[in-house]
A.B. asks: 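The structure follows.
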Amino acid sequence: MEVEDFEFPPIDDGVEPPFVAELNEPQAAAAAHVDGPLVVFAGAGSGKTRVITYRIANLCAVHSVPPYRILAVTFTNKAAGEMKHRLEGLIGKDMTRDLWVGTFHATSAKLLRQYHEAAGLSRSFVVYDDGDQRAVMNRVVKELRIDEKRYPPRQILSRIHSEKQEGRDAADFIPGNYFDDVVAKCFEAYARHMREASAVDFDDLLLRALKLAESKDRVGEELRRKFRYVLVDEFQDVNQVQYRLVRALSAQTTNICVVGDDDQSIYRWRGADVRIVRNFKHDHPGSEVIKLEQNYRSTKNIVDAALGVIRHAQDREPKELWTDNEKGQLVRVVAASTERDEAAFVVGHVRELIDRGVSPDEIAVFYRVHAQSRVLEEVMRAERIAYQIVGGVRFFERAEIKNLLSYMRVIANPASDVDLERIINVPARKIGETTVSRLQAKAGELGERIGKGVSYFDAIDPLVESRELGAAARKALLGFHELIKDLQTFAKTASPSELAAQILESSGYEEALRAEETDESEGRLFNLEEFIGSIQEYEEEVAALGDVATLNGYLERVTLSAQIDDMKDVPKVVLMTVHGAKGLEFSHVMLTGMEEDMFPFRSNDPDRKGDMEEERRLAYVAVTRARKELIITHTELRNIFGSMRLGSPSRFLRDMPTNVVENEATDSRRSAGGRFIDRDRQSWGRDRSESWTHPMSAGGTRRDRQESPPPSFQPGERYVERDDEAPVRSMPVKGGRALDPAALHIGSQVSHSSFGMGVVQSIDEGADPTATVRFTGWAPKRVKVRFLKSAD
DNA sequence: AAAATGGCTCTTTTT
DNA sequence: GAGCCATTTT
């Protein structure tokens with residue numbers, strides 16, 4: 001098809017010029033290419049979403065492809081919603097309603113509901129999240145009498161998780177070592193529990209959908225023919241299972257289009273494999289490759305800063321992002337003394353922007369890890385700036401919400417044992433541990449007798465009749481049983497929100513919380529109210545589509561929703577991790593914590609090796625979110641994870657061209673005069689800090705930084721004290737003076753018999769104090785203080 | 001049976 | 001700093 005044949009309907013997507021109403025040449029080519037495989041490398045801010053929506057609109061409106069024959073997979077539900085919304089404007093609701101647009105997980109769940117019989121699932125299967133999975137595994141470990149110390153349930157789960165990501169289920173598991181022998185047992189028992197509870201976890205969703213789509217039987221055939229056009233967004237972040245699913249679902253068509261940017265691949269730790277997008281054209285003969293390289297989003301200075309960072313990445317698909325946009329202001333790099341100082345600066349700037357008339361939802365604050373958000377939040381609250389935080393402790397993970405959800409899930413699916421266990425004594429109704437373990441035993445016993453699993457719920461009646469219990473326990477159990485039965489009856493005719501309200505009332509949970517009359521219980525009640533409100537929102541949304549909201553539908557949505565999906569479209573400053581920022585853009589971006597070991601992040605745990613390449617891409621993603629203004633902050637000293645960390649500016653800052661960056665320091669940082677004392681902080685006594693000076697501490701201007709590099713830095717080289725560069729290690733030191741543990745502080749020069757000289761980064765007090773020390777030529781190591789010697 | 005306390009560990013990013 | 005667990009106290 002010729003590009004000219006395609007008439008672009010007018011759209012209004014709220015994007016300002018210079019993102020004009022026409023597509024540029026590669027964009028149009030991508031939107032119009034409808035025959036055969038296509039891979040689009042879409043640089044940051046190059047109008048990717050627009051291409052995808054136009055492409056789908058083109059298929060439906062011009063090529064008359066029935067919408068239900070099109071599958072579009074997105075990374076988050078939010079992205080799916082946005083895409084649908086834009087498409088509604090292009091081709092109308094009648095068309096978009098039947099499109100398959102969703103995340104891998106949501107799409108799999110939808111398929112599994114539709115073909116639940118073939119998948120061997122009950123129609124009302126529930127999806128277990130991480131917490132539920134842990135609960136199941138804890139039970140399994142107890143049942144099998146496994147030593148939890150030697151085989152932590154978390155580790156077993158993570159082993160199982162990585163197996164499933166490779167596409168192997170319990171039946172396919174081949175133990176490789178002694179740990180695996182235990183894992184194998186747990187894997188099997190875990191799978192059995194899940195089956196008996198009619199539950200699936202996140203990995204199962206994909207795995208089971210895949211099994212279905214690859215199967216030789218009728219349903220498999222049907223699934224492989226179901227979609228004529230398959231489109232995958234954020235393709236750089238798919239893992240092997242997801243890719244196999246895509247291949248299976250597009251087995252009968254060559255019309256597969258994938259869109260991604262290998263530079264923005266940031267989910268390797270979750271199994272994402274960049275090689276999949278890089279190899280796509282080899283996997284699919286006859287593939288067209290289109291590159292979108294013009295950035296419409298950011299100023300030239302921001303684009304140049306981003307390019308500086310990504311230029312050093314290894315193994316890139318060759319491409320060069322460029323922009324016609326104006327230079328704009330310089331990228332400001334601000335040195336702060338501590339995380340409080342940093343937060344004060346950030347919030348001060350946010351205030352300024354808002355006073356200048358910038359809408360708060362055009363301002364975002366990014367950080368590498370959630371733990372950084374607390375201080376920012378505190379200062380935001382103190383300054384009365386409306387903010388919303390994406391991630392952290394999720395709303396749905398709060399105890400009261402999980403309790404209510406567990407009630408709902410037990411009602412929908414009484415076989416869900418972990419849910420039942422969670423709420424059987426909430427509010428307290430005299431069903432204690434002893435009674436619950438009797439119930440467990442009874443369920444196990446009955447199960448053995450009939451040769452299949454019996455749920456706790458179904459074991460209640462037999463247990464009560466068995467007369468093994470005291471009168472009080474019997475009464476309590478019967479009461480609970482009746483409560484659930486009544487609620488199930490109620491649920492048949494009520495909407496999910498009505499059910500939730502009824503649960504709170506007839507379970508006595510609400511009353512119990514009211515009786516508590518503490519700040520905490522007030523908060524919980526408030527959250528529950530908000531929660532019911534969110535169910536109502538869901539119901540309205542579904543009603544708008546002409547459907548009826550179901551309990552199952554709601555439960556599924558809750559479990560599969562990404563944190564980013566909950567982001568409200570209200571004008572508030574957004575605080576989030578860089579991962580959360582993927583796919584978003586803001587006029588003003590403040591990127592915090594730009595220090596070595598924070599970003600790039602390095603865990604205190606030496607076993608957990610970071611991936612420097614991925615950190616680099618993550619930094620690239622962060623920088624490219626900004627449209628007009630980018631401010632990057634870093635601190636000398638950061639109190640995080642309960643101890644102090646000493647930071648030097650991130651290596652990524654050095655990679656940005658000097659002519660697009662301006663360096664400065666906060667007032668507090670400057671007045672600290674080369675020391676990292678935060679004078680507000682009493683824990684930092686004078687005598688402790690004066691003995692040591694931070695190598696990067698002299699002043700905060702670019703001049704200073706360029707002309708007086710820290711001792712460990714040689715022009716033209718990276719910092720040498722890293723383990724991922726050619727190490728220049730200091731010699732082991734013999735002797736050395738004994739060290740007084742009480743005098744040890746951050747910045748202390750110490751020596752170690754094997755690692756040589758080093759500088760103390762942080763100290764964990766305790767019975768056996770441990771310090772994190774950066775020895776020359778080594779990654780920071782955790783060392784018991786008693787092994788350290790004084791260096792001077 | 002429930003609440004309170006103290007000690008322990010872990011501390012990335014998420015569907 | 002927070003969450004989890006085991007123990008003690010009421």
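Every chain is numbered from 1 and lettered A, B, ... according to where its sequence line falls, protein lines coming before strand lines. A quick note: this is a predicted structure, and the numbers were derived from the prediction, not measured.
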A.B. asks: Roughly how far apart, to the nearest Å, are C/dC4 and B/dT13 at atom P?
C.D. replies: 15 Å

A.B. asks: For B/dT15 and A/His579 - does any side-chain N or O of the residue sit under 4.0 Å from the phosphate oxygens OP1/OP2?
C.D. replies: no

A.B. asks: Using a heavy-atom cut-off of under 4.0 Å over every strand shown, decide if A/Ala371 touches base, sugar-phosphate, or nothing.
C.D. replies: nothing

A.B. asks: For A/Pro427 and for A/Arg270, locate the closest nucleotide of DNA chain B by heavy-atom distance; then report the residue assigned to the nucleotide nearer the 5' terminus.
C.D. replies: A/Pro427

A.B. asks: Quickly work out the A/Arg429 CZ to B/dA1 C1' distance and round it to whole Å.
C.D. replies: 14 Å

A.B. asks: Quick one: which of B/dT14, B/dA2, B/dT15 gets closest to the side chain of A/His105?
C.D. replies: B/dT15

A.B. asks: Expressed as a whole number of angstroms, how long is the span from A/Tyr267:OH to B/dT15:P?
C.D. replies: 6 Å

A.B. asks: When both hydrogen-bonding distances must be under 3.5 Å and the geometry is Watson-Crick or G-U wobble, what is B/dT5 paired with, if anything?
C.D. replies: C/dA6

A.B. asks: Using Watson-Crick or G-U wobble geometry with both distances under 3.5 Å, which nucleotide pairs with B/dT14?
C.D. replies: none

A.B. asks: Of the nucleotides C/dG1, B/dT15, B/dT12, which one has an atom closest to the side chain of A/Phe601?
C.D. replies: B/dT12

A.B. asks: Determine whether the aromatic ring centres of A/Phe366 and A/Phe599 lie less than 6.0 Å apart.
C.D. replies: no

A.B. asks: Ignoring the backbone of A/Asn138, work out which of C/dC5, B/dT15, C/dA2 is nearest its side chain.
C.D. replies: C/dC5

A.B. asks: Within the pair A/Asn239 and B/dT15, is there a side-chain N or O less than 4.0 Å away from OP1 or OP2?
C.D. replies: no

A.B. asks: Under 3.5 Å, is there a donor-acceptor pair between the A/Tyr387 and A/Glu377 side chains?
C.D. replies: yes

A.B. asks: Could you tell me how far apart A/Arg645 (CZ) and C/dG1 (C1') are, to the nearest whole angstrom?
C.D. replies: 14 Å

A.B. asks: Rounding to an integer number of Å, can you tell me how far A/Met576 CE sits from B/dT14 C1'?
C.D. replies: 14 Å

A.B. asks: The side chain of A/Arg134 is closest to which nucleotide in this list: C/dC4, C/dC5, B/dT13?
C.D. replies: C/dC4

A.B. asks: Counting only side-chain heavy atoms from C-beta out, which of C/dA2, B/dA1, B/dA2 sits nearest to A/Thr435?
C.D. replies: B/dA1

A.B. asks: How close or far is atom P of B/dT13 from atom CD1 of A/Ile389, stated in whole angstroms?
C.D. replies: 12 Å

A.B. asks: So, is A/Thr559 near the phosphate of B/dT15, with a side-chain N or O under 4.0 Å from OP1 or OP2?
C.D. replies: no

A.B. asks: Nearest whole Å is fine: how far is B/dT14 C1' from A/Arg154 CZ?
C.D. replies: 14 Å

A.B. asks: Would you kindly give the CD-to-C1' distance between A/Glu377 and C/dG1, to the nearest whole Å?
C.D. replies: 14 Å

A.B. asks: Compute whether any side-chain donor of one residue and acceptor of the other, for A/Thr633 and A/Glu342, lie under 3.5 angstrom apart.
C.D. replies: yes

A.B. asks: Does A/Thr434 have a side-chain nitrogen or oxygen under 4.0 Å from the phosphate oxygens OP1 or OP2 of B/dA1?
C.D. replies: yes

A.B. asks: Compute both the distance and the angle, then confirm whether A/Arg270 meets the cation-pi test with A/Tyr267: under 6.0 Å from the six-membered ring centre, within 45 degrees of the axis.
C.D. replies: yes

A.B. asks: Is A/Trp269 stacked against the base of B/dT13, taking the criterion as centroid distance under 5.5 angstrom and interplanar angle under 30°?
C.D. replies: yes

A.B. asks: Tell me if a side-chain donor or acceptor on A/Arg438 pairs with a main-chain N or O of A/Leu463 at a distance below 3.5 Å.
C.D. replies: no

A.B. asks: Step through it carefully: locate the ring centre of A/His116, locate the ring centre of A/Phe125, and say whether they are under 6.0 Å apart.
C.D. replies: no

A.B. asks: Would you mind classifying the nucleic acid contact of A/Arg374 as base, sugar-phosphate or nothing, using non-hydrogen atoms under 4.0 angstrom?
C.D. replies: sugar-phosphate

A.B. asks: Check the distance between B/dT13's P and A/Asp130's CG and give it to me in whole angstrom.
C.D. replies: 12 Å

